[in-house]
Amino acid sequence: MPTRSDADGRLRRSFYDRPTLDVARDLLGKALVHRRGSTVCSGTIVEVEAYIGETDPACHAAPGPTTRNAPLYGPPGYSYVYLSYGIHCLVNAVTEAEGFPAAVLIRALEPLEGIAAMRRRRARATQGRATARPQEDHELCRGPGNLTAALGITLAENRIDLLGNRLFVEDRGILVTRVVRGPRIGISAGIARPWRFAIEGNPAVSKPTSSRRPVALDGPARRE
DNA sequence: CGTTCGATGCACT
DNA sequence: GTGCATCGAACGT
């Protein structure tokens with residue numbers, strides 16, 4: 001079978017040019033890396049969600065092509081970053097063939113490199129607000145808005161090639177065995193689709209509302 | 001345990 | 001003008 005990463009472990013275009021659910025599951029355990037100048041921040045991807053096509057009511061492509069969602073219709077292996085609730089930038093990896101709008105939202109990382117920079121950025125992001133600063137390392141990138149703040153990913157990182165040297169994903173040989181799967185978080189439509197994946201038991205995984213608990217992939221079927 | 005709510009910017013109707 | 005793929009504190013039961 002073809003390798004989907006290069007000699008350095010960088011994921012190739014062919015990794016992203018696949019069914020989105022496969023890409024989502026396979027992104028678990030990979031390392032997301034952001035370089036800004038000499039500052040490098042990275043973390044192991046521990047939680048993702050898939051957004052697939054115009055028929056997925058929670059996907060930004062649901063209304064058809066617009067200015068904002070244009071990256072979803074572009075080639076796979078590009079970033080899609082947008083502003084959520086006027087406060088947080090959320091980062092996706094575009095998947096599937098060009099023309100089919102789909103992506104994987106990166107929801108949580110376990111910090112690897114650049115932890116001091118992550119703490120600085122998170123502290124800056126909470127300035128002027130009565131919000132507690134993260135104490136433990138695994139809190140730095142827990143949640144899609146938190147991880148972009150920690151890594152310094154902004155709208156300036158929208159629609160950039162994930163095969164470049166600025167924002168990319170690496171295979172560092174981590175084998176993920178236990179995966180939990182459940183409904184996506186924070187959406188009002190499309191809740192029935194279990195398109196959220198996370199590494200079981202990882203402390204950096206964001207906490208869903210109790211009514212939306214994930215279930216183990218191997219576990220018993222969950223009642224609707 | 002659970003739900004509510006403010007902060008905040010912008011794409012979209 | 002409306003509604004978010006959020007976060008975390010505050011408050012209700």
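No experiment lies behind these values; they were computed from the predicted model shown. All chains are named by letter (A, B, ...) in the order of the sequence lines, taking the proteins before the strands, and each is independently numbered beginning at 1.
A straight line from CZ of R184(A) to C1' of dT6(C) spans 16 Å, rounded to a whole angstrom. Atoms CG (L105(A)) and C1' (dC4(C)) sit 14 Å apart, rounded to a whole Å. The NE2 atom of H88(A) sits 6 Å away from the P atom of dC7(C) (whole-angstrom rounding).
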Distance-only criterion, 3.5 Å: show the donor-acceptor pairs between side-chain atoms of residues 101-112 of chain A and protein atoms not counting sequence neighbours.
{"unit_1": "R107(A)", "atom_1": "NE", "unit_2": "E47(A)", "atom_2": "OE2", "d": "2.8"}
{"unit_1": "R107(A)", "atom_1": "NH2", "unit_2": "S206(A)", "atom_2": "OG", "d": "3.4"}
{"unit_1": "E110(A)", "atom_1": "OE1", "unit_2": "N202(A)", "atom_2": "ND2", "d": "2.8"}

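Of the residues in residues 76-86 of chain A, those with a non-hydrogen atom less than 4.0 angstrom from any atom of DNA chain B are L83(A), Y85(A), G86(A). Heavy-atom distances under 4.0 Å link DNA chain B to T66(A), T67(A), R68(A) of residues 46-68 of chain A, given in residue order.
D171(A) has no carboxylate O lying under 4.0 Å from a charged side-chain N of R12(A), or vice versa, which leaves the two without a salt bridge.
Applying the under-4.5 Å side-chain rule to Ile, Leu, Val, Met, Phe, Trp and Tyr, the cluster around V33(A) extends to V40(A), F168(A).
Remark: the N92(A) side chain and the dA5(C) base include a donor-acceptor N/O pair separated by less than 3.5 Å.
Not a single donor-acceptor pair under 3.5 Å links the side chain of N158(A) to the backbone N or O of L155(A). A donor-acceptor pair under 3.5 Å is absent between the side-chain atoms of S84(A) and the main chain of L90(A), judged by distance alone.
Spacing of P atoms, dC5(B) relative to dT13(C), comes out at 13 Å, to the nearest Å. Rounded to the nearest Å, the gap between the P atom of dT13(B) and that of dA5(C) is 13 Å.
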(request) Decide yes or no on salt bridge (charged side-chain N to carboxylate O under 4.0 Å, His left out) for D161(A) and R166(A), but give the supporting numbers first. (result) CA-CA 8 Å; D161(A) 193 347; R166(A) 184 172 168 194; over 6 Å; no
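For the atom pair I45(A) CD1 and E170(A) CD, the distance stands at 11.0 Å (nearest 0.5 Å).
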(message) For Watson-Crick and G-U wobble pairs within 3.5 Å on both distances, what is DNA chain C written in dot-bracket notation, | included for inter-strand pairing?
(response) ||||.|||||||.
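Under the ring-ring contact (aromatic ring centres under 6.0 Å, His included) criterion, no residue pair touches residues 15-34 of chain A, with sequence neighbours excluded.
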